[in-house]
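Data first, discussion second: the structure below is written as structure tokens.
Note on naming: letters A, B, ... go to the chains in the order of the sequence lines (proteins, then strands), and numbering restarts at 1 for each one.
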Amino acid sequence: MSEERSLNFLEEIIEKDLADGKYKSIVTRFPPEPNGYLHMGHATSICLNFGLTKKYPGYTNLRFDDTNPVTEDIEYVENIKNDIKWLGFEWKNEHYASDYFETLYDYAIALIKKGLAYVDDLSSEEIAQLKGTPTEPGKDSPFRNRSVEENLDLFERMKQGEFADGARTLRAKIDMAHPNMLMRDPLLYRIKHAHHHRTGDTWCIYPMYDFAHGQSDSIEHITHSICTLEFVPHRELYDWLIEKLEIYPSHQYEFARRNLSYTVMSKRKLLQLVTDKYVNGWDDPRMPTISGMRRRGFTAASIRNFCETIGVAKRENIVDFSLLEFHLREDLNKTALRAMAVLDPVKLVITNYTGGSEDLQSENGPDEAYGHRTIPFSKELWIEREDFMEVPAKKWFRLAPGAMVRLKSAYIVRCDHFIKDENGILIEIQCTYFPESKSGQDTSGLHVKGTIHWVSAAHAAIAEVRLYDRLFKVEDPSGEEGDFKDYINPNSLQVINAFIEPSLLLASPEKRYQFLRKGYFCLDPDSTEKKLVFNRTVTLKDAWAKEVKK
RNA sequence: UGGGUUAUGGUGUAAUGGUAGCACAACAGAUUUUGAUUCUGUUUGUCUAGGUUCGAAUCCUAGUAACCCAACCA
């Protein structure tokens, strides 16, 4: 089967560049700013940049864009590296824009000498004033025509720390009437007497994004510098600087960032959720951060497959969360160990069961290779409250008065009686079982439509289970009226205690589990010797729930 | 009253002048000791209006809509 997958627009560009002999191999880069945690949006960029150099000859660098010491911190660096590795990618070189500060400074001098940059004494308000608007041209700064000597002197003194923060800037001398706002004498350097997490107090002037990013690309000989659409207007400046500086010509290409329904994907908004305590930190399992999703139980493969499926393009988009869940379930179904747990228990008593207890066998996974485990069975069991209906609905084939079901990997039982307390709450279901219907050696000739999971009451352990739902009530919280936080789902986390089968006491943090009929779960790091904590990664698809809705 | 980018089913993405395809979702059915998985089938689309052409999602013209740009953030 030769299924030729069509190329996305970046692959087309690269294949053409390779075919034309423009490059023999390509170099891409992933350029995070160390000022926050990576999220699903970054994951698409990571998969894209690293994926391209996996498909074509070349490599990918990791470069920290650390040009703003005020917001950045070393703490984020390790987390970011860890997330990339977890996703399954390896970078060729690890760089920091701050490693290039000396070179960047020299580039600035070169620009000044060419009469293409000047030191401006205007305040940020004044600069904004003279910038004009998208529809009106700007006006020249009164300092625009300083001599090269004066600019050189002033810039040197900026570096020496003679001036206060904000007192002066270095600007490119381009065109204050340019239709592209970015070309109206953009700022290249600003004064910040701040301690940098890598360069310490060596510098008190720092390059702006536009005077660092493209130059760093160039220094590293990045062939394809891939960024998101909002940087399209920057490309003109990116190219201008490379041309004037006469340095290696990297090229910038832009794609549309991917948005996921029912969540937000901007660092600023995610930070708000954390600082305002809507969630319990960056790695809260409800967060679309890599660390949050990892804790939730997402697999790296499912995220990679998802990114592969949604592809890359240039139009605005909101991808269905269900597509991510599809890839999650697809992967988990193949790899998760099967076990039984009862989340909302009600007691089931087998009135004619005379033995004390017995050991039964149940399969561990989707196929024989996973083998079997032993589960204890006894007279009194916990079953799911929702698996019993006093007055069965149509198409109901679970437990109801007089109805029969199979207890998974055990026996067929028939409901004879049920007991309610004074408030009308069901507290016990009484059944008879059919000894000859034992799983694997059924000679009873009975046929039942439903199979339910259970845990032996005498052998059950208790674990905390955290059930997660989507963080927002609407598909596009950022697109709604008012504050996005108004649309937070108040029921996104439900903590319960559940009865788990004894084998789950040996659960390991790396493994994923399917609690039969209830969903995929994993151990949370909050677990202790005394109390295990499970996160529900995602539910199973539920055809009955759909039937009920109708 | 500027510049830039984008328009294909509910969602995402193909088709590069020649049968509008794929995945998810939805719906119907089969199988099932998980109402899971698996399998089969069905519904739904080219922003609008003109034009070129034997033939247009694709080329041309004119519109329309959405998004981005006026941080000493990246």
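Legend: side chain to side chain donor-acceptor pair (under 3.5 Å) pairs involving residues 311-325 of chain A, not counting sequence neighbours: none detected. Among pairs with a residue in residues 183-192 of chain A, those fulfilling salt bridge (Lys or Arg N to Asp or Glu O under 4.0 Å) read A/R144-A/D185, at least two apart in sequence or across chains. Listed by first and then second residue, the salt bridge (Lys or Arg N to Asp or Glu O under 4.0 Å) pairs that reach into residues 255-270 of chain A are A/E230-A/R257, sequence neighbours excluded.
Relative ring orientation between A/F64 and A/Y96 is described as parallel, the plane-to-plane angle staying below 30° on a 0-90° scale split at 30° and 60°. Ring geometry for A/F231 against A/Y209 counts as tilted: the plane angle lies between 30° and 60°, on a 0 to 90° scale. Between A/F472 and A/F484, the ring planes are tilted. Angles from 30° to 60° get that label. By the 30° and 60° cut-offs, the orientation of the rings of A/Y105 relative to A/Y189 is perpendicular.
If you check every strand for non-hydrogen atoms under 4.0 Å, A/L540 touches a base. A/I318 comes within 4.0 angstrom of the backbone, heavy atoms only, and of no base. Contacts of A/R338 with the nucleic acid, taken as non-hydrogen atoms under 4.0 Å apart, include base atoms. Heavy atoms of A/T135 sit under 4.0 angstrom from at least one base atom. Residue A/G440 is classed as a base contact, given a heavy-atom separation below 4.0 Å to a base. Note on A/W396: a base of the nucleic acid sits closer than 4.0 angstrom, heavy atoms only.
For residues 38-49 of chain A, proximity to RNA chain B is found at no residue, defined as any non-hydrogen atom under 4.0 angstrom from a strand atom.
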Dump every N/O contact between nucleotides 57-59 of chain B and the protein below 3.5 Å, one line per pair.
none

Between the protein and nucleotides 23-27 of chain B, list the N/O to N/O atom pairs that are separated by less than 3.5 angstrom.
from: B/A26; atom 1: OP1; to: A/K546; atom 2: NZ; distance (Å): 3.0
from: B/A26; atom 1: OP2; to: A/K546; atom 2: NZ; distance (Å): 3.2

>> Assess the residue pair A/R29 and A/E220 against the criterion (salt bridge (charged side-chain N to carboxylate O under 4.0 Å, His left out)); give the C-alpha distance rounded to whole Å, side-chain angles, the decisive distance to 0.1 Å, and a yes or no.
In response: CA-CA 9 Å; A/R29 103 268 91 116; A/E220 293 173 26; over 6 Å; no
>> salt bridge (charged side-chain N to carboxylate O under 4.0 Å, His left out) for A/E358 and A/K438? Distances and angles first, verdict last.
In response: CA-CA 12 Å; A/E358 64 183 300; A/K438 186 171 180 174; 3.3 Å; yes
> Step by step, would you call A/H95 with A/S216 a side chain to side chain donor-acceptor pair (under 3.5 Å)?
Replying inline: CA-CA 9 Å; A/H95 292 301; A/S216 302; over 6 Å; no
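Between A/P233 and A/L229 the shortest heavy-atom distance is CD-O, 4.3 Å. Between A/P366 and A/K334 the shortest heavy-atom distance is CG-O, 3.8 Å.
Taking atom CD of residue A/E11 and atom P of nucleotide B/U16, one finds them 16 Å apart after rounding to whole Å. Across the protein-nucleic acid pair, A/I375 atom CD1 and B/U33 atom C1' stand 11 Å apart, rounded to whole Å. The NZ atom of A/K314 sits 13 Å away from the P atom of B/A14 (whole-angstrom rounding). Rounded to an integer number of Å, the gap from A/R470 CZ to B/U11 C1' is 13 Å. A straight line from OH of A/Y370 to C1' of B/U37 spans 13 Å, rounded to a whole angstrom. We find that CG of A/D175 is positioned 13 Å from C1' of B/G3, with the value rounded to whole Å. Rounded to an integer number of Å, the gap from A/D542 CG to B/U37 P is 10 Å. A/E236 has its CD atom 17 Å from the P atom of B/G2, to the nearest Å.
In terms of polar N and O atoms assigned as donor or acceptor, the side chain of A/R258 never comes within less than 3.5 Å of the base of B/G12 in a complementary pairing. Between the side chain of A/R517 and the base of B/U34 there is no donor-acceptor pair of N/O atoms closer than 3.5 Å. Side-chain atoms of A/R315 and base atoms of B/U8 include a donor and an acceptor less than 3.5 Å apart. Residue-to-nucleotide contacts include no donor-acceptor pair under 3.5 Å from the side chain of A/S409 to the base of B/U33. One donor-acceptor pair, N or O on each side, does fall under 3.5 Å between the base of B/U34 and the side chain of A/Q514.
Under the side-chain hydrogen bond (donor to acceptor under 3.5 Å, both in side chains) criterion, A/Q160 pairs with A/E156, sequence neighbours left out. Taking the side-chain contact (heavy atoms from CB on, under 4.5 Å) definition, one finds that A/L337 meets it with A/Y370, A/K511, A/Y513, sequence neighbours left out. Residues passing the side-chain hydrogen bond (donor to acceptor under 3.5 Å, both in side chains) test with A/R398 are A/D387, sequence neighbours excluded.
Comparing the same atom, C1', in B/A14 and in B/A23 gives a spacing of 11 Å after rounding to whole Å. Spacing of C1' atoms, B/A56 relative to B/G51, comes out at 11 Å, to the nearest Å. B/G55 and B/A20 have their C1' atoms separated by 15 Å, with the value rounded to a whole Å.
When distances run from any side-chain atom of A/F397 to the nucleotides B/A15, B/U34, B/G35, the shortest one goes to B/G35.
Side chain of A/S250 to backbone of A/D217: a donor-acceptor contact under 3.5 angstrom is found. Panel note: side chain A/T263, backbone A/L260; no donor-acceptor pair is recorded below 3.5 Å.
Contact check on A/E11 versus A/K16 returns no salt bridge, with no Lys/Arg side-chain nitrogen under 4.0 Å from an Asp/Glu carboxylate oxygen.
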>> Treating primed atoms plus P, OP1 and OP2 as sugar-phosphate and everything else as base, which nucleotides of nucleotides 40-48 of chain B get B, S or - for protein heavy atoms under 4.0 Å?
In response: ---------
>> Please encode protein proximity along nucleotides 64-74 of chain B as a string of B, S and -, counting only heavy-atom distances under 4.0 Å.
In response: --SSSSBSBSB
>> Just to be sure I follow the notation: if a pair is Watson-Crick (purine N1 to pyrimidine N3 plus N6-O4 or O6-N4) or a G-U wobble (N1-O2 and O6-N3), each under 3.5 Å, what dot-bracket string does RNA chain B give, with | for pairs to another strand?
In response: .((((((..((((....[..)))).(((((.......)))))....(((((..]....))))))))))).....
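Note that A/R512 lies outside the cation-pi zone of A/Y520, set by a 6.0 Å cut-off to the ring centre and a 45° limit from the axis.
Aromatic pair A/F534/A/F515: ring centres closer than 6.0 Å.
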